[in-house]
A.B. asks: 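First, the structure itself, so that you have it in front of you.
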2 protein chains.
Amino acid sequence: MTVIDSTSVISPPVDVCVVAGTEHPRPDGQDRYTISEVAAYTGLSAPTLRWYEEIGLLPDVERSHNGQRRFGNRDLDWLAFVRRLRMTGMPVADMVHFAGLVQRGEDTFGERREILERTRREVVVRMAELQETLAVLDAKIDFYAGAPQASERA
Amino acid sequence: MTVIDSTSVISPPVDVCVVAGTEHPRPDGQDRYTISEVAAYTGLSAPTLRWYEEIGLLPDVERSHNGQRRFGNRDLDWLAFVRRLRMTGMPVADMVHFAGLVQRGEDTFGERREILERTRREVVVRMAELQETLAVLDAKIDFYAGAPQASERA
DNA sequence: CGCTTGCTTCAAGTGCACTTGAAGGTCCTA
DNA sequence: TAGGACCTTCAAGTGCACTTGAAGCAAGCG
């Protein structure tokens with residue numbers, strides 16, 4: 001695995017809000033990952049990473065002197081957040097929109113907050129539904145486990 | 001909307017385990033719903049209901065004298081459960097498999113229990129992830145809300 | 001020097017879960 | 001008896017999120 005090469009560039013607009021201290025495979029300063037490294041770290045395939053970049057979900061990926069992608073810790077953080085958003089069920093198109101807002105800078109803090117608040121509400125609803133589903137599953141599991149005696153039968 | 005017609009038939013193998021007293025639009029005995037009624041009640045489209053039947057996810061739907069589907073409360077219960085399973089992320093193919101087990105009768109209680117226990121574990125994991133996601137969202141929302149003072153920035 | 005490895009782009013293909021279209025049957029009301 | 005509402009089947013189409021294939025460049029090793 002070839003590592004480091006190109007020299008640093010003025011940072012493009014980023015998420016700006018990296019919340020928790022998620023550990024990176026390499027410390028800042030030595031964080032130039034190849035696409036296959038990022039694939040290994042994130043579980044996303046290399047084509048998916050290219051596609052994310054293409055559609056604008058992973059913007060401003062740097063390139064080495066010979067045109068190969070060099071991802072940084074910033075990209076890993078963003079991908080981790082994208083993974084979270086994906087878990088909420090947010091469509092990729094909406095994530096692309098959000099990524100666009102991030103790139104436009106602080107002016108979009110308001111809209112970003114609204115989006116995340118809406119997402120938050122959806123997650124809460126989803127969790128409540130899953131909680132109910134858990135109850136249904138438990139009831140059925142009990143029924144199947146203790147077959148003859150259990151609750152109702154049709 | 002045309003309603004009731006055909007006369008009752010010996011019940012085919014059903015879920016056998018109807019847990020909660022979910023209310024039905026019409027009481028047992030008068031429960032013969034047209035496809036559009038079921039579509040209205042469940043939120044599924046009529047083509048989707050036909051397709052569910054076709055692939056074996058909704059077996060043994062009765063027919064009226066002229067070949068039209070007549071769904072019963074049993075079908076509504078099953079569809080409600082299918083909706084729950086869908087919420088867990090279970091693929092339709094797996095639900096079809098489960099439906100097959102239900103049709104095969106009590107011999108499959110063991111396997112059904114295993115499937116639901118596995119599903120249950122997945123739901124628990126998913127809920128934990130959503131909980132973490134909620135924390136991440138909250139942190140970002142706070143950041144975007146109280147912009148200048150807040151925690152970290154890249 | 002040629003081979004292998006790993007990257008590149010661009011276009012086409014895949015899998016899932018439906019959705020839509022076409023053509024036709026049946027029943028009720030005017 | 002004509003129209004409209006509602007149903008039927010079968011086949012093809014859609015949208016999303018990737019995945020796969022084809023063709024080619026660049027670096028490192030024997």
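First the proteins, then the strands, lettered A, B, ... as listed; each starts at 1.
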A.B. asks: Tell me the interatomic distance from Arg70(A), atom CZ, to dA27(D), atom P, rounded to whole angstroms.
C.D. replies: 11 Å
A.B. asks: Give a yes/no answer on whether the side chain of His65(B) brings an N or O atom under 4.0 Å of OP1 or OP2 in dC27(C).
C.D. replies: yes
A.B. asks: Does dC7(C) have its OP1 or OP2 closer than 4.0 Å to a side-chain nitrogen or oxygen of Ser36(A)?
C.D. replies: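 It does, given that an N or O in the side chain of Ser36(A) lies less than 4.0 Å from OP1 or OP2 of dC7(C).
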A.B. asks: Whole Å only: how far is the CD atom of Gln68(A) from the C1' atom of dC7(C)?
C.D. replies: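 Answer to the nearest Å: 4 Å.
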A.B. asks: Phe71(A) CZ to dG6(C) C1': how many Å, rounded?
C.D. replies: 14 Å
A.B. asks: Can you check nucleotides 13-15 of chain D for protein contacts, nitrogen or oxygen pairs under 3.5 Å, and list what you find?
C.D. replies:
none

A.B. asks: Residues in ring pair (Phe, Tyr, Trp, His ring centres under 6.0 Å) with Phe71(A), at least two apart?
C.D. replies: none
A.B. asks: Nearest whole angstrom, please: distance from the C1' of dA5(D) to the CD of Glu37(B).
C.D. replies: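 Atom-to-atom, Glu37(B) to dA5(D), this comes out as 14 Å.
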A.B. asks: Do any side-chain atoms of residues 81-89 of chain A form donor-acceptor pairs under 3.5 angstrom with protein atoms, and if so which ones, sequence neighbours left out?
C.D. replies:
unit_1   : atom_1 : unit_2    : atom_2 : d
Arg84(A) : NH1    : Glu129(B) : O      : 3.3
Arg84(A) : NH1    : Thr133(B) : OG1    : 2.9
Arg84(A) : NH2    : Glu132(B) : OE1    : 2.9
Thr88(A) : OG1    : Leu85(A)  : O      : 2.5
Thr88(A) : OG1    : Met90(A)  : N      : 3.3

A.B. asks: Any side-chain N or O of Arg69(B) less than 4.0 Å from the OP1 or OP2 oxygen of dT9(D)?
C.D. replies: yes
A.B. asks: Could you check which of dC7(D), dG6(C), dT9(C) has an atom nearest any side-chain atom of Arg63(A)?
C.D. replies: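 For the Arg63(A) side chain, the nearest candidate turns out to be dT9(C).
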A.B. asks: Measure CD/Glu54(B) against P/dT9(D) and give the value in whole Å, please.
C.D. replies: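 To the nearest whole Å, that distance equals 9 Å.
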A.B. asks: Roughly how many Å is it from CD in Glu53(B) to C1' in dT8(D), rounded to a whole number?
C.D. replies: 11 Å
A.B. asks: Could you check whether Arg104(A) and Thr108(A), counting side-chain N and O atoms only, form a donor-acceptor pair closer than 3.5 Å?
C.D. replies: no
A.B. asks: According to side chain to side chain donor-acceptor pair (under 3.5 Å), who are the partners of Thr42(B), at least two apart in sequence or on a separate chain?
C.D. replies: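 Testing Thr42(B) for side chain to side chain donor-acceptor pair (under 3.5 Å), a comparison that skips the adjacent residues, returns none.
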A.B. asks: Give the rounded distance in Å between these two atoms: CG of Leu58(A) and C1' of dA17(D).
C.D. replies: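 Going from Leu58(A) (CG) to dA17(D) (C1'), I get 16 Å.
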A.B. asks: I'd like to know if the side chain of Asp31(B) and the backbone of Asn73(B) have a donor-acceptor N/O pair within less than 3.5 Å.
C.D. replies: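 Looks like yes, one N/O pair under 3.5 Å.
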A.B. asks: How does each nucleotide of nucleotides 18-25 of chain D score, in 5' to 3' order, for protein heavy atoms under 4.0 Å: base (B), sugar-phosphate only (S), or none (-)?
C.D. replies: BSB-----
A.B. asks: Please tell me which of the listed nucleotides, dA26(D), dT8(C), dG25(C), lies nearest to the side chain of Arg50(A)?
C.D. replies: dT8(C)
A.B. asks: Listed by chain and number, what are the side-chain contact (heavy atoms from CB on, under 4.5 Å) partners of Glu111(B), not counting sequence neighbours?
C.D. replies: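 Result, side-chain contact (heavy atoms from CB on, under 4.5 Å) vs Glu111(B): His97(B), Leu101(B), Ile115(B).
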A.B. asks: Hey, is the side chain of Ser64(B) poking within less than 4.0 Å of OP1 or OP2 on dC7(D), counting only N and O atoms?
C.D. replies: no
A.B. asks: Mind checking what makes side-chain contact (heavy atoms from CB on, under 4.5 Å) contact with Pro47(B), not counting sequence neighbours?
C.D. replies: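 By the side-chain contact (heavy atoms from CB on, under 4.5 Å) rule, Pro47(B) matches Ser45(B), Arg50(B).
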A.B. asks: Round to the nearest Å and state the distance from Ile55(A) atom CD1 to dC16(D) atom P.
C.D. replies: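 Value for this atom pair: 11 Å.
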A.B. asks: Applying ring-ring contact (aromatic ring centres under 6.0 Å, His included), which residue pairs with at least one partner in residues 37-63 of chain A are found, sequence neighbours left out?
C.D. replies: Tyr33(A)-Tyr41(A)
A.B. asks: Restricting to side-chain contact (heavy atoms from CB on, under 4.5 Å), what partner residues turn up for Asp107(A), sequence neighbours left out?
C.D. replies: none
